[in-house]
Structure formats: structure tokens, C-alpha cells
Amino acid sequence: MTMPYYVAPEQVMKDRADYARKGIARGRAMVAVRYDDGIALVAENTSSTLRKISEIYDRIAFGGVGRYNEFDQLRVAGVRAADLKGYQYSRDDVDARSLANQYAQILGQVFTHEMKPLEVEILVAEVGYEADGDQLFHILYDGTVMDERAFSVLGGDAEAITARIKDRFAPGLTLAQAVGLARAALAGDRTLDAAGLEVAVLERSNGRRCFRRLSDAEVGALLGA
Amino acid sequence: MPMFSPGDDPGSSFPDLLRRTGVAAASANSGSHDLDVPHATTCVALRFTDGVVMAGDRRATSGNLISHRGMEKVVQADRYSGVAIAGAAGPAMEMIKLFQLQLEHYEKVEGKALSLEGKANQLSMMVRGNLAAAMQGMVVVPIFAGFDLRRGTGRLWTYDVTGGRYEEQEYVATGSGSLHASTVIKVAYRPGFDREAAVRLACRSLWEAADADSATGGPDALRGIYPVVATITSSGWQRLPDSELATVFESIVDEVRVR
């Protein structure tokens with residue numbers, strides 16, 4: 001009779017974390033930057049149909065990096081949770097914090113109980129009615145939730161990108177400045193043009209549904225300015 | 001957070017999601033007949049060169065009493081479509097709410113809005129779902145209108161209680177005053193109306209319906225309550241401001257006074 005090998009729990013967790021981190025690092029990164037009228041979400045993405053950034057609810061957006069099928073499943077679950085809550089209670093009762101906690105529960109559960117952790121990092125962003133109400137929740141593959149204030153960086157190479165943003169970020173950027181900053185941080189010493197970026201905004205002044213996708217032409221115009 | 005296995009996934013259907021998660025409102029499937037609930041009345045829609053005009057009066061009645069003076073029966077469904085409802089006000093408002101949510105839910109889950117035909121079909125299924133309640137007097141009969149971005153034209157649909165869906169080419173009317181309203185439109189309608197002519201005819205039809213049908217409310221200049229009138233064109237849904245409607249109705253009053 002063969003005995004199963006004993007593997008220390010520390011080792012199991014470490015292996016899973018390494019596995020998830022490696023999977024995430026293979027994909028391209030995204031950043032979210034606050035600007036004067038909301039939050040700009042910018043991802044490096046050459047596909048114009050398989051989105052990393054999308055709308056969850058009136059004031060809430062979702063961003064995901066890593067394995068597409070995994071974060072897309074989480075995105076749809078988020079849309080469902082938000083729409084159900086808005087239907088049962090009121091549209092005002094749907095908030096990013098509660099969604100972020102639910103995402104953290106799922107990711108944490110999968111990380112500790114399943115064979116394979118989810119190879120994703122996600123962002124739940126909510127634009128406030130006033131600038132100081134903006135919220136960015138960054139959730140890691142193991143369910144760790146981080147509440148970030150000014151900007152958020154997801155995906156591989158996050159440390160280098162964060163270092164590049166940190167130096168140049170200042171509160172009250174214009175949209176063009178925020179998108180320019182995000183592009184520069186994502187690109188590093190490469191060049192990235194509008195076609196290689198996926199850009200969306202949560203705009204305070206966009207009416208009930210704050211989420212708006214920017215076309216390549218609009219992004220080009222912003223970057224040119 | 002609702003998660004489903006791939007074979008069991010409700011897809012982009014919000015009503016289906018409500019059923020799966022047990023949130024769906026219990027439908028009225030038993031109980032007494034002739035419940036005295038508020039009823040919403042006359043709504044019309046007609047096509048013009050750039051799209052469609054929808055209009056509906058503001059009155060809701062319970063038997064011979066006026067229960068609301070300011071009800072809005074013509075509402076925006078999404079950016080390029082609107083829905084107008086006549087019938088039992090409670091189920092009608094719930095149906096509109098669910099319909100609006102379904103269109104938005106689909107758009108978010110799929111990342112792309114439904115086609116206009118798809119939206120009309122969705123509404124048809126919702127009306128059919130209400131059939132059991134309709135048999136007990138909770139009849140809901142909507143009009144659906146919108147701008148079809150693929151064809152570049154405005155389109156209209158009318159429904160019956162069983163969910164039957166009929167596309168009309170010129171105009172539709174629903175509710176207790178619909179006979180009068182549709183006759184007014186029928187006599188004066190010309191293909192190729194511009195926005196102003198279409199808005200004027202829609203308002204005139206509601207005026208005549210209110211004149212002959214006690215359940216339809218006319219413009220209430222005293223309280224400043226005017227019918228809801230909206231246009232849907234390639235630039236989307238636009239509700240007319242009361243100031244513009246006041247002018248239209250003043251000119252209708254002048255016309256009627258000469259009569």
C-alpha cells in the first residue's frame with residue numbers, strides 16, 4: 001500500500017500562491033487612476049472584443065487581469081449580484097465594498113479549498129458623488145482585499161509600474177493627464193499606442209450610468225493632447 | 001454572490017436569474033376577481049421621419065375615482081427604446097421595472113445591447129408571463145417603440161394579453177381611450193411627418209381621448225401636469241419639456257375653441 005506523501009500546509013499554500021502569481025504575471029497589467037471627474041481604468045489589451053474592464057452597476061466598474069475565463073466568470077457573478085441587490089432593495093444600496101467582500105470570499109474559498117487557485121487579480125472601483133467618495137478595492141488571488149486611495153495597479157510587473165506612477169501622480173489630474181500617466185506607467189521603456197490599450201472611465205458627470213468606454217480615436221486624441 | 005455551473009447557467013436572462021435565486025415575485029395565481037386596483041389608461045405612439053413619438057396621459061383610475069394624477073406610463077426602456085403601458089398599474093409598473101432591468105442586465109453580461117427586435121421579443125415573453133394574472137383582470141397591454149440602429153428607422157409594436165406581438169407601420173394606441181386616440185391619428189396621419197407634426201398629432205389624439213373617455217386625463221394646466229411625450233431618434237430617447245407641451249396644448253385649445 002502506498003502512503004500519500006506528507007506535505008506541510010505552509011508548503012501547500014506557498015505552492016498555490018506561486019502558481020497563481022506565475023499565471024497572473026504571464027498576462028498584461030492594468031491600472032486605475034483617479035482624476036478630477038472620476039476614475040480612469042486603463043489596461044494593456046490588444047483585443048478589442050475580450051474585455052478586461054467592464055461595467056458592473058451605475059457607479060461601479062470591474063477590472064480583471066490573469067486568466068480571462070476566470071475573471072470573466074467573476075465579472076458576470078458581480079453583475080448578477082449587483083442587479084439582484086438593486087432589484088430587491090434600491091439602486092442606492094449597491095456598493096463596491098460589499099461586492100469586494102463577496103469577491104474576496106470566493107477567491108479565498110477557492111484558494112484554500114480547491115486544487116487550483118484562481119489565477120486572477122481583480123479591481124472593483126466605485127465613483128462617488130463627490131471626489132472623496134471614490135473607492136478602489138484591489139483583490140488578490142487568495143482573497144486579500146486592499147483599499148487603495150489614489151491609484152491601483154494589477155497584474156504582473158506591478159511593482160515597477162507602481163513605482164513609475166507614484167512619482168508622477170498628483171490629485172486633481174485631468175482625464176488626458178490620467179490616461180497619459182497610465183500609459184507611460186504601463187509602457188515603461190516600450191511604446192504603447194491607443195490600439196494596444198483598453199480604456200474606460202467612471203465619470204461623475206455621465207448621468208445615472210457613470211461607466212463609459214473610450215474608443216481608440218478618443219484615446220488617441222487624449223494621448224495626443 | 002450567485003455562481004452557477006456551466007450547464008446550469010441562466011445566461012443573460014434576468015427573470016431566469018430571479019427564479020434560480022428564489023427572488024422572483026410570487027405571481028397572482030389565485031384570489032378574488034375584480035380587484036379594485038388603479039388602472040392606467042391611454043398611450044399612443046407614431047412614426048415620423050427621424051424616429052418615433054410616444055405619448056401617454058397621466059391619469060390612473062380605480063373604478064370611477066381618480067387614484068393618481070401624475071402617473072408616468074410612458075417610460076424610457078433604455079437609450080434607444082421606450083415602453084408605454086395601459087392596464088393594472090401595479091403589475092404594469094413591475095413589468096416595466098423588470099423590462100428595464102433585463103435590457104441593462106443583458107447589455108452588461110453580454111457586453112453588447114440587444115437588437116430592437118430582441119427587446120420587443122423580450123417584452124412579449126413578459127406579457128405572456130402575466131397571462132395568469134390577466135385572466136383575473138390584471139391585464140397589462142404595452143406598446144413598445146424604439147429606434148432600430150441597424151435599419152436606421154423608428155419601429156413600433158403593439159401587444160395583446162397573450163403576449164402576441166404585432167409590428168405596426170404607422171401608429172399604435174392602447175388603453176381605454178385608444179379607440180378615440182387612434183381614430184384621431186388615423187384621420188390626420190401622413191407618412192413623412194416631421195417631429196413637430198408628429199408631436200402635435202400625438203397630443204391632439206390624447207386631447208380627444210380625454211374629451212371622450214373619463215379614465216383618460218387631459219392636460220392639467222392648473223397643476224402643471226402634462227402628458228408624457230418623448231421622441232426616440234438616432235440620438236436616443238428625449239422627453240419633451242413641459243414648457244414645449246404647454247405651447248402645443250395652448251394651440252390645440254385655440255383650435256378647439258373655434259370649433
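Just so it is clear: chains get the letters A, B, ... in the order the sequence lines come, proteins before strands, and each one is counted from 1. Everything quoted here is computed from the prediction, not taken from an experiment. When reading the values below, keep in mind they use all heavy atoms of this one structure, side chains included, and skip hydrogens, waters and symmetry mates.
- Interface residue A:I56: only backbone heavy atoms are found under 4.5 Å from chain B.
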#### Entry: Stepwise side-chain contact (heavy atoms from CB on, under 4.5 Å) check, A:R149 with A:D134
CA-CA 8 Å; A:R149 295 304 311 160; A:D134 293 351; 6.0 Å; no

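- One N or O on the side chain of A:D93 and one on the backbone of A:S90 form a donor-acceptor pair closer than 3.5 Å.
- Using a 4.5 Å cut-off between heavy atoms, B:M1 touches chain A through backbone and side chain atoms alike.
- Proximity to chain B (any heavy atom under 4.5 Å) is shown, for A:Y103, by both the backbone and the side chain.
- Residues of residues 140-157 of chain B never come within less than 4.5 angstrom of chain A, heavy atom to heavy atom.
- With a 4.5 angstrom heavy-atom cutoff, B:K97 touches chain A only via side-chain atoms.
- By the 4.0 Å N-to-carboxylate-O rule, A:D147 lies too far from A:R97 to be salt-bridged with it.
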Which donor-acceptor pairs under 3.5 Å do the side chains of residues 119-127 of chain B make with protein atoms, sequence neighbours left out?
{"residue": "B:K119", "atom": "NZ", "partner": "B:D78", "partner atom": "OD2", "Å": "2.8"}
{"residue": "B:S124", "atom": "OG", "partner": "B:G163", "partner atom": "O", "Å": "2.6"}

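- Atom CD of B:Q238 is surrounded by 12 or fewer heavy atoms from other residues, nucleotides or ligands within 6.0 Å.
- Heavy-atom pairs under 4.5 Å with chain B peak, among A:I106, A:V79, A:L84, at A:L84.
- Taking every heavy atom of both residues into account, A:Y57 and A:G86 meet most closely at OH-CA, 3.3 Å.
- A salt bridge does not link A:K52 to A:E44: none of the charged side-chain nitrogens sits closer than 4.0 Å to a carboxylate oxygen.
- Residues of residues 41-62 of chain B lying under 4.5 angstrom from chain A, judged on non-hydrogen atoms, do not exist here.
- Within a 6.0 Å sphere centred on CD of A:Q135, heavy atoms belonging to other residues, nucleotides or ligands number more than 12.
- A side-chain donor-acceptor contact under 3.5 Å links A:R59 to the backbone of A:V127.
- With a 4.5 angstrom heavy-atom cutoff, A:R75 touches chain B only via side-chain atoms.
- Under the ring-ring contact (aromatic ring centres under 6.0 Å, His included) criterion, the residue pairs touching residues 3-24 of chain B are A:Y87-B:F14, B:F14-B:H105, with sequence neighbours excluded.
- Not a single donor-acceptor pair under 3.5 Å links the side chain of A:E198 to the backbone N or O of A:N45.
- Looking at A:D58, the atoms closer than 4.5 Å to chain B (heavy atoms on both sides) all sit in the side chain, from C-beta outward.
- Around the CD atom of B:E196, the shell of radius 6.0 Å holds no more than 12 heavy atoms that belong to other residues, nucleotides or ligands.
- Residue A:K116 qualifies as enclosed at atom NZ: its count of foreign heavy atoms under 6.0 Å is above 12.
- Contacts between A:E55 and chain B at a heavy-atom distance below 4.5 Å involve backbone atoms as well as side-chain atoms.
- Each of A:K85, A:R91, A:R51 has some count of heavy-atom pairs under 4.5 Å with chain B, and the biggest count is that of A:R91.
- Atom CZ of B:R128 has more than 12 neighbouring heavy atoms from other residues, nucleotides or ligands inside a 6.0 Å radius.
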